[in-house]
Amino acid sequence: MSDLLFLIPLLPLAAFCINILLGRSVIREKAHWISIPAVLGSWIVSVLVLFDINDTERAISQRLFTWIPSGDFNVEVSLYADQLTAIMLMVVTTVGLFVHVYSVGYMHGDPGYYRFFSYLPLFVFSMLMLVLADNLLVLFVFWEAVGLCSYFLIGYYFKRRSANNAAKKAFIVNRIGDLGFGLGIMLAYWTFGTISFHGDTGLFEKAFNHEALGIAGGTMTLIGILLFIGACGKSAQFPLHVWLPDAMEGPTPVSALIHAATMVTAGIYMVARSYTIFISSETAMLFVTVIGAFTAFMAATIALTQNDIKRIVAYSTLSQLGYMAFALGAGAWVAALFHLMTHAFFKGLLFLGCGSVIHGMHEEQDIQKMGGLRKYMPITFWTFLIGALANAGIFPLAGFWSKDEIILGSWISDSSIGKPVAIVAFAAAFLTALYMFRLVFLVFFGKERFDTSHLHPHESGPWLTVPLVVLAVASVFAGFTGFPPEAGWLHDFLHHTFAFVEVHHVTMTQTVTFGVISTVVALGGIFVAYLAYHRGTISAEAMAERFPRVYDFLFRKWYIDELYGKVFVQPLSKFSVFLWKVVDVDVIDAAVNGVATGLSATSQRLRQVQTGLVANYALAIALGMVVIVGVYLAGFSNLFR
Amino acid sequence: MNDVTVEHFLFLSAALFIIGMMGVLTRRNMLIIFMCIELMVAAVSVSLVAFAWESNTLDGQIFVLFTLAIAAAEAAVGLGIILALSRRGKSVDVDQLHELRD
Amino acid sequence: MSWDVVFFYLIAAVSVITAFGVVAARNPVHSGIFLILCFVNIAGIFVMMGAEFLAVIQIIVYTGAILVLVLFVIMLVDPEDLPSFHTAEPLQRYLSFLLGAVLLLEVGAAIVTRTGVVGGGEATPENIAAVGGNVQALGRVIYSKYLLAFEVTSLVLTVGVIGAVVLALPERLGERIGTRRGTISLSHTRGADLELPEGPRGETPIEVDRNRPAPTPAPQRTLVMTSDPDAHTRVSSSSERKPQERV
């Protein structure tokens, strides 16, 4: 099986190459016939790998080639698949496959069809290589690659200025995180002398034994924090979260795949992969926890006020990523990954459902202009409802198990702020249910707030609805891989990866208690939403008017974009204008032009030597003669001896 | 100073040469420039003969002889050019002949 | 103080003063006269150095021929009144004076510090007197050691003469020889846009008058070679001629 590992990334890469080279000329609207089989092939091999690893309980690896043979610094490109990787592979290929299928219907008729179906497998390839990477450098390369694909796909509608700006914003904010990540890698190399993960000389063995190796705890903290900064950029944690809502400019399948299921989870994956570094430093874990929890809460508050259907789901993604992050920080490693997996399914489902709604509403995205759509789009409605329930964490759907486990894991963790964070998580859960069902009620229930005579929403075709149904099924049953809590198949499976961590065992009482509390909180949120947006007993508008500043604060996304604009963007912009106007034009251009002008002026003056008068020329001859005689006298005669 | 030495003649030659050179550089009339050139040639002749006298050889005097002959030829041709110039309507003022300028 | 020194300073002074006159005179004819005087003084210097032949040649050739030629050309060229006879640019003037002064200092320094070649040659005054004088000594050297230079110089002189003649030729000589359109003479423009005066018989330098009357033939004369110059000289009242006599 290890020999077939290379097929997993190779097939999507081949699909990309074929589509991008032949797409415009030959393949055109048949591009999906290339991509879908490729991703399907990757999916099949991933399933086989999963079964293989499950049976042997051992990791498999395949060495590809040596990339940098530079003396001591020898970087090889190897594919390594252990249990963590296997789970990630399944997530990526499954969601990827269904997003491909969905895109056939969604992107039908788009002029850049072949382009979409080349970037999409390119992204899948990059993400697969990222999770299969055996060392930090290769991971970093594909980390950048997924960022690049995200840029391509966000800016897919490149004729739209807002799309271009969003793509740039995503890439730039990612880059800021990558700075931290790069520094972390360098520091790790400097500290440990290696960047490869596994083996006796691997990073993680050394990290775990860092005291024995004489590495200071402060260094470990620093490495951990730097790596997590990279994860902040990629997984959109505060303060580098600002790109994710804007990334909704891309087509909805892109949002589903990249910004819900896979790319944003790359940061979580990377932190999980480097867990030995993090467990060596309490400060780093604390850092992760605080940021994760804060992100979870903040995003949930913002989502309450947004009106764009995709943006609400995007903030929901932010919030759930915050959950995963603080789970990592609190030491609930398996819980975080469990939630990663379930979230991929139900968030992917929610996004694809949004796409179906938008498609049916003829590209309308404002939920205030929707309403009562369940009559028109039943399949979309039911699948969306399942996704929303899963997101809110209602028993027995997938989200319930994973979210509950995170909160419980945080509560019982060794971290000093585990319990306060758990409480914050409950608050966020309440808000999650609230905004999710605000969305549901406003879109699918109630009276139509659009002009029914002109706009006739319709259910989407099978290309769109089949993936919705499949993902809905996954959202229902995926949670049972982690059942019973802390003792399910998933836990056993993943504990091999997190070999250096003690397993926390929870009692049945704790499990039931937290389960009940979670459900109550979630149902409370749903009930409030019902009252406010369906029955109208609580008027949202009145609330907004009573607390206008709070409302504005939330609606304007905590003014973070404005803050960044003032603090970073404007000074930089002024600086670059300065560089342009003063340094480039006045200094550099002036210097270059000045050379030319100077030469020209000099030659103008020199030209005046050519008077044309013989007398002047004779004078020059005489002058030269005097000089020569003088030199002779000074140097070669008896005069000065 | 009781005797006339070579240095006396050399100084004279230098003086004559310099006077001639300043005339060449200063005057505007082409013919006068020509005459100053002749003066310079004569000064050099003096110098050559002085060296010949000092070293008891005749080579200096031979040199001067031939220089004289060549100077004669040169005078003929040079004056012919000046004549031709003036017949073509150009003046003999060297300051007016600046076609090399542009 | 020997007479040599006195004479030297006298001649030197005069030559320097006349040289100044050459440079400073307003009228080119005055300049020419000054130059003649200067050359005569230089001839005197030559005599003082034992180069008598050169002194005489200087006066005959240089002064008597070349300078006279120069004077003729001065008169032919007929320069119009020049407003200022020195060059207009002050830079030129000052710089040339400066250069003159510097050069004088330099050459003075060179002269003073030179290592001279004293003696060493064969042409000591005794030897020269033994040969028969400066002329004879020069002759001996020219026709033995410098023969080639002598011959080449004569060639150069020939070329110079031809060049001068070509420069001064009138135009349209080529018409007689054929369809040659090129000018031989540089001193005449092609298009005869200059008005030139006619000759005494009505010929112009541009055209040749083929219809002019043939010149009267010269009277026949016989040449008689005799050793006695007075034998055939007679004052005859008649126009008869004696028959030819042979001696």
Side-chain angles (χ1 to χ4, degrees), chain B residues 1-4 6-12 14-16 18-23 25-29 31-32 34-36 38-39 42 46 49-50 53-58 61-62 64-66 68-77 79-84 86-88 91-93 95, chain C residues 2 4-5 8 12 16 19-20 22-23 28 31-32 35 39 42 45-46 49-51 54 57 61-62 66 69-70 73-74 76-77 79 82 85-88 92-93 96 100 103-104 107 111 116-121 123-124 137-138 141-142 146 149 153 156-157 160 163-164 167-168 186-187:
Chain B
M1 286 295 283
N2 285 333
D3 233 348
V4 181
V6 188
E7 279 84 13
H8 288 97
F9 293 114
L10 292 179
F11 268 115
L12 173 65
L16 287 175
I18 286 167
I19 294 173
M21 182 179 86
M22 296 209 302
L25 295 177
T26 314
R27 297 297 302 255
R28 268 164 85 160
N29 193 334
L31 288 157
I32 297 186
F34 182 77
M35 287 192 283
C36 293
E38 297 296 335
L39 181 57
V46 167
V49 174
W53 177 64
E54 180 198 29
S55 64
N56 288 333
T57 56
L58 286 178
Q61 299 187 18
I62 307 287
V64 172
L65 193 62
F66 288 131
L68 230 49
I70 305 297
E74 166 227 334
V77 174
L79 291 170
I81 291 177
I82 295 180
L83 257 184
S86 83
R87 277 197 195 162
R88 283 196 144 200
S91 90
V92 294
D93 179 358
D95 280 352
Chain C
S2 62
D4 277 348
V5 178
F8 169 75
V16 168
F20 263 121
V22 171
V23 169
S31 211
L35 191 57
F39 281 165
I42 289 181
I45 297 284
F46 283 158
M49 290 195 278
L54 272 180
I57 291 294
V61 171
Y62 227 139
I66 295 176
L69 183 61
V70 170
V73 172
I74 290 174
L76 270 178
V77 161
L82 298 173
F85 67 110
H86 282 299
T87 183
Q92 178 90 357
R93 268 186 276 163
S96 57
L103 192 58
L104 188 59
V107 177
I111 295 173
V117 180
V118 183
T124 57
L138 274 180
V141 179
I142 287 177
Y146 293 105
T153 308
V156 170
L157 282 170
L167 281 173
L186 294 177
S187 55

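With a 4.5 Å cut-off on non-hydrogen atoms, C/L103 touches chain B through its backbone and its side chain both. When heavy atoms are compared at a cutoff of 4.5 Å, B/L12 approaches chain C solely by way of its side chain, counted from C-beta outward. Only the side chain of C/Y62 comes within contact range of chain B, with heavy atoms under 4.5 Å apart. In this structure, the portions of C/Y146 lying under 4.5 Å from any heavy atom of chain B include both its backbone and its side chain. For a residue to count as touching a neighbouring chain, one of its non-hydrogen atoms must lie under 4.5 Å from one of that chain's; by this rule B/M35 touches chain C with backbone and side chain alike. With a 4.5 angstrom heavy-atom cutoff, B/E74 does not touch chain C via any of its atoms. Looking at C/I42, the atoms closer than 4.5 Å to chain B (heavy atoms on both sides) all sit in the side chain, from C-beta outward. Contacts between B/F9 and chain C at a heavy-atom distance below 4.5 Å involve backbone atoms as well as side-chain atoms.
Considering all non-hydrogen atoms of both residues, B/I70 and C/T153 come closest at CD1-CG2, 4.0 Å. For the residue pair C/A51 and B/V49, the shortest heavy atom distance occurs at CB-CG1, 3.8 Å. Residues B/V77 and C/G160 come closest through the heavy atom pair CG2-O, 3.7 Å. Of all heavy-atom pairs between C/F46 and B/V46, the closest is CE2-CA, 3.8 Å. For the pair C/I142 and B/L65, the tightest heavy-atom approach, listed with the atom from each and the gap, is CD1-CD2, 3.3 Å. The nearest pair of heavy atoms linking C/V16 to B/A15 is CG2-CB, 4.4 Å.
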Determine whether B/E38 and C/F39 satisfy the following criterion, side chain to side chain contact (heavy atoms under 4.5 Å, CB included), listing intermediate values before the conclusion.
CA-CA 10 Å; B/E38 297 296 335; C/F39 281 165; 4.1 Å; yes
Given the rule in the side chain to side chain contact (heavy atoms under 4.5 Å, CB included) test, do C/V23 and B/T26 qualify, once you have shown the distances and angles that lead to the verdict?
CA-CA 9 Å; C/V23 169; B/T26 314; 5.7 Å; no
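Of the listed residues C/G32, C/A137, C/G163, C/A19, the one with more heavy-atom pairs under 4.5 angstrom with chain B than any other is C/A19. Across C/V70, C/D4, C/V107, the residue that shares the most heavy-atom pairs under 4.5 angstrom with chain B is C/V70. When each of C/V22, C/L138, C/L69, C/V61 is checked for heavy-atom pairs under 4.5 Å with chain B, C/L138 comes out on top.
C/F20 CZ: 12 or fewer foreign heavy atoms inside a 6.0 Å radius.
With rounding to the nearest 0.5 angstrom, the CG atom of C/L104 is 9.5 Å from the CE atom of B/M21. The CZ atom of C/F8 sits 12.0 Å away from the CG atom of B/D3 when rounded to the nearest 0.5 Å. Distance check, rounded to the nearest 0.5 Å: CD1 of C/I66 to CZ of B/F34 gives 7.5 Å. Here CG of C/L76 is found 10.0 Å from CG of B/L31. Values are rounded to the nearest 0.5 Å.
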